[in-house]
4 protein chains.
Amino acid sequence: MSEERARGGPRQASAIFAATLELLAERGYDGLTIESIASRSGVNKTTIYRWWPAKDAVLAAALVHSDLLAFAMPDTGSLRGDLLALARAITQLLTAEQTAPIVATVLAAAPRRPELAAVARTFFAERLSREQPMFQRAIARGELQTTADPAMIMDLLAGAIWFRILLRDQPVSPDYLSGAVDLVLQGAAAAH
Amino acid sequence: MSEERARGGPRQASAIFAATLELLAERGYDGLTIESIASRSGVNKTTIYRWWPAKDAVLAAALVHSDLLAFAMPDTGSLRGDLLALARAITQLLTAEQTAPIVATVLAAAPRRPELAAVARTFFAERLSREQPMFQRAIARGELQTTADPAMIMDLLAGAIWFRILLRDQPVSPDYLSGAVDLVLQGAAAAH
Amino acid sequence: MSEERARGGPRQASAIFAATLELLAERGYDGLTIESIASRSGVNKTTIYRWWPAKDAVLAAALVHSDLLAFAMPDTGSLRGDLLALARAITQLLTAEQTAPIVATVLAAAPRRPELAAVARTFFAERLSREQPMFQRAIARGELQTTADPAMIMDLLAGAIWFRILLRDQPVSPDYLSGAVDLVLQGAAAAH
Amino acid sequence: MSEERARGGPRQASAIFAATLELLAERGYDGLTIESIASRSGVNKTTIYRWWPAKDAVLAAALVHSDLLAFAMPDTGSLRGDLLALARAITQLLTAEQTAPIVATVLAAAPRRPELAAVARTFFAERLSREQPMFQRAIARGELQTTADPAMIMDLLAGAIWFRILLRDQPVSPDYLSGAVDLVLQGAAAAH
DNA sequence: CGATAAACGAGACGGTACGTCGCGTCTTGGT
DNA sequence: ACCAAGACGCGACGTACCGTCTCGTTTATCG
């Protein structure tokens, strides 16, 4: 029952994925070439093409296979604490030296790259679904109205962080984060 | 005293810029090549390289030169109306057939491309400064507290729209927009 | 055991060589470009660069591969006859419609082009060594002194023809050839 | 009566010619570009094109204008001495550091470059005519038969040297030169 | 255990685009 | 009238990866 190789991948899939993410971090999306992945992972170019149609697909597979997209769902006892923890995790993802280039790259390529777009979409959808319990706990605690829209709350919070870091290129301070969380929470608390 | 050509650009700059944006919309960022710009604009490749070092620079110049980044600052009489108008304009920009491919592609590519990042940064900074009167009017009307942070409000609103359309790939309905505006406004209205 | 392709050359080497010599004859040395060779031979430019670093190398290989540099060593029974045959062959090479443009161009370019110079040097060295039997037969027949220097004799004879055709641009008549052969032979016959 | 500028040339012709020959010696024929001549001579590219159609023409004019092609006709008192002096001068021209690259270059380009070919042809023709007195003196002294062909003698001698240096890439020793002169002289002396 | 099919290594190839160089033409403006 | 300055179209350069394609050589699974 050697499960070492999943269906639909080459024998050295792990080496390929590792090389892919290394190179992506080192040289950026454009510096990431199939040939460099092949060379770095000690695999022949043909082998990669046998399994994936293009470098985006390799990258998508590498991301899914990696734990870069994994994140712990917080449970601090209060919605404010949970949202703050999430906001900090997002900020971390977008600024940490190892993850920032990868995440920026994937999002940049996503709009025109179905594979990467699918990864992003799936990631965010799954994330939202995993956030549901957090909001249900908050409702149970009376911290949130039943009518509140968790997706919108996360859009506002996560969007502000993404927007500020990637597009406005402005720092995201702890104060900014707590201010944004407060604003959104108070806004959601107000009756419709 | 024909001042027809600004300093630092080729004679057919306009044709080059037009071709650049057309091709960007048609083929996406990676499909946009210097040779295709040259061919489409009826200009020689060499001429483009004489003036810009890389395609990002051409693209940045084309964006600055275009009116895509122009936008009217609303003045509806209420902050809610103004923010809603802005939110609609942003949504429009990101979804309209002519602008969406260009804007989405540029914004997506910006984090990895210094020139494009600079354009985005400048654009958003200028935009924010032009939004100041809108917030000052709201404060004068008593719709907003003096302590409110306009930048954060715009980050939340614009970020949510951008995030939802480009990353989560979800529709942005009029109800969603007004809901988001309300949430943010009520959140900002609550005391700190 | 198909030995069809010699080591160190592309699969369509012959087509490339043929195109190279054709184009050299048609357009001269400077008009001979890698791109034109690629186009004419139906091979991609990249393929040529994969195997040769520059056009001189292609040209050198084409020359070596061709039979332009092949020549039959005469054996007419007398040194005078042999030298006359050689002189005629050289003249022919430098004036015949098919060979003249190629040979003249190559010889002219040789001094400035290491690869071509090497081809010329090798060719003339090999040629001289193949001429040795001719001179030995002449010595055996008593037509030539043992002290005579075959290399000098050939330098004088070949040099005169080459000089006259390529540099002085003057015709080389049969009378001129036999006159030159006679002069050299009689000079060589005289005691030192 | 300022004759400083000949008809059909720009004001800075001398600077252009000097730059041309310098660059030719420094960088070879291919490294000699119109743009580099213009830059070195402090003249605009346009000016050069106004007067000469291509770099060959500039080079031809520069050579004619220079004294590189000048040579003194020897008069040593004997034909053998005169020929030896000529042979040494030719060898010098082909091997001296300053002249060798220029001469090799011109001859290399000549076959396909009418301007340069004309320069070469003119040079050799004029040279031969200036050699006539040398042969007439020899005939007057009884060193040479009336029937001897001076052109052929010079073809053999000069051709051997050119051939040996440029094509066979072999050294030309003093012994070689005197041997060649002796051989040719004795051959010419023998009756037809 | 040995056949056989999948996976792989090696690398030549056609192709697109890159960014650069020098050519020769042209226009403009200044002596 | 001549020239400096320099933009321009053009052709070729040599390079980098792309994705495709044989062609043998492992592997590893199964009869």
**Asked** Which part of the nucleic acid, if any, lies within contact of Gly42(A), taking any heavy atom under 4.0 Å across all strands shown: a base, the sugar-phosphate backbone alone, or nothing?
**Response** sugar-phosphate
Heavy-atom nearest nucleotide on DNA chain F taken for Val43(B) and for Ser36(C); more 5' hit belongs to Val43(B)
Per side chain to side chain contact (heavy atoms under 4.5 Å, CB included), Leu21(C) is matched among Leu68(C), Ile37(C), Ile16(C) by Leu68(C)
Whole-Å distance, Ile48(D) CD1 to dC2(F) P, equals 17 Å
Taking donor-acceptor contacts at under 3.5 Å, does the side chain of Lys45(D) reach the base of dG6(F)? no
In whole angstroms, the gap separating P of dG9(E) from CD1 of Ile37(A) amounts to 14 Å
Exercise. Would you indicate what Thr46(B) reaches in the nucleic acid, counting non-hydrogen atoms under 4.0 angstrom: base, sugar-phosphate, or nothing?
Key: base
Any side-chain N or O of Trp51(B) less than 4.0 Å from the OP1 or OP2 oxygen of dA7(F)? no
_Taking the basic N atoms (NZ, or NE/NH1/NH2) and the acidic carboxylate oxygens, is any pair closer than 4.0 Å for Arg113(C) and Asp30(D)?_
yes
The correct set of residues in residues 59-66 of chain C placing a heavy atom under 4.0 Å from DNA chain F is none
Rounded to whole Å, CZ of Arg11(A) lies from P of dA6(E) at a distance of 13 Å
Between NZ of Lys55(B) and P of dG19(E) the distance, given in whole Å, is 9 Å
Whole-Å distance, Trp52(D) CH2 to dC3(F) C1', equals 14 Å
Q.
For Val119(C) and Thr122(C): C-alpha separation, side-chain torsions, deciding distance, then whether side-chain contact (heavy atoms from CB on, under 4.5 Å) applies.
A. CA-CA 5 Å; Val119(C) 169; Thr122(C) 306; 5.9 Å; no
Considering only heavy side-chain atoms of Asn44(D), the closest of dA4(F), dG9(E), dT27(F) is dA4(F)
In whole angstroms, the gap separating P of dC18(F) from CG of Asp56(A) amounts to 11 Å
Ser36(B) and Ser39(B): side-chain donor and acceptor closer than 3.5 Å? no
Pair Glu115(A) + Lys55(A): basic N to acidic O under 4.0 Å: no
DNA chain F nearest-nucleotide lookup for Arg50(A) and Leu32(A): closer to the 5′ end is Leu32(A)
In whole angstroms, the gap separating C1' of dG6(F) from CD1 of Ile34(D) amounts to 17 Å
task: Could you verify whether a donor N or O on one side chain and an acceptor N or O on the other, from Asn44(B) and Tyr49(B), lie under 3.5 Å apart?
output: no
Out of dG9(E), dC3(F), dA5(F), minimum distance to the side chain of Thr47(D) belongs to dC3(F)
When rounded to whole Å, the CD to P distance for the pair Gln12(B) and dT27(E) reads 13 Å
Are the aromatic rings of Phe17(C) and Trp51(C) close, with centres under 6.0 Å apart? no
Of dG9(E), dA28(F), dC18(E), the nucleotide closest to the side chain of Tyr49(B) is dC18(E)
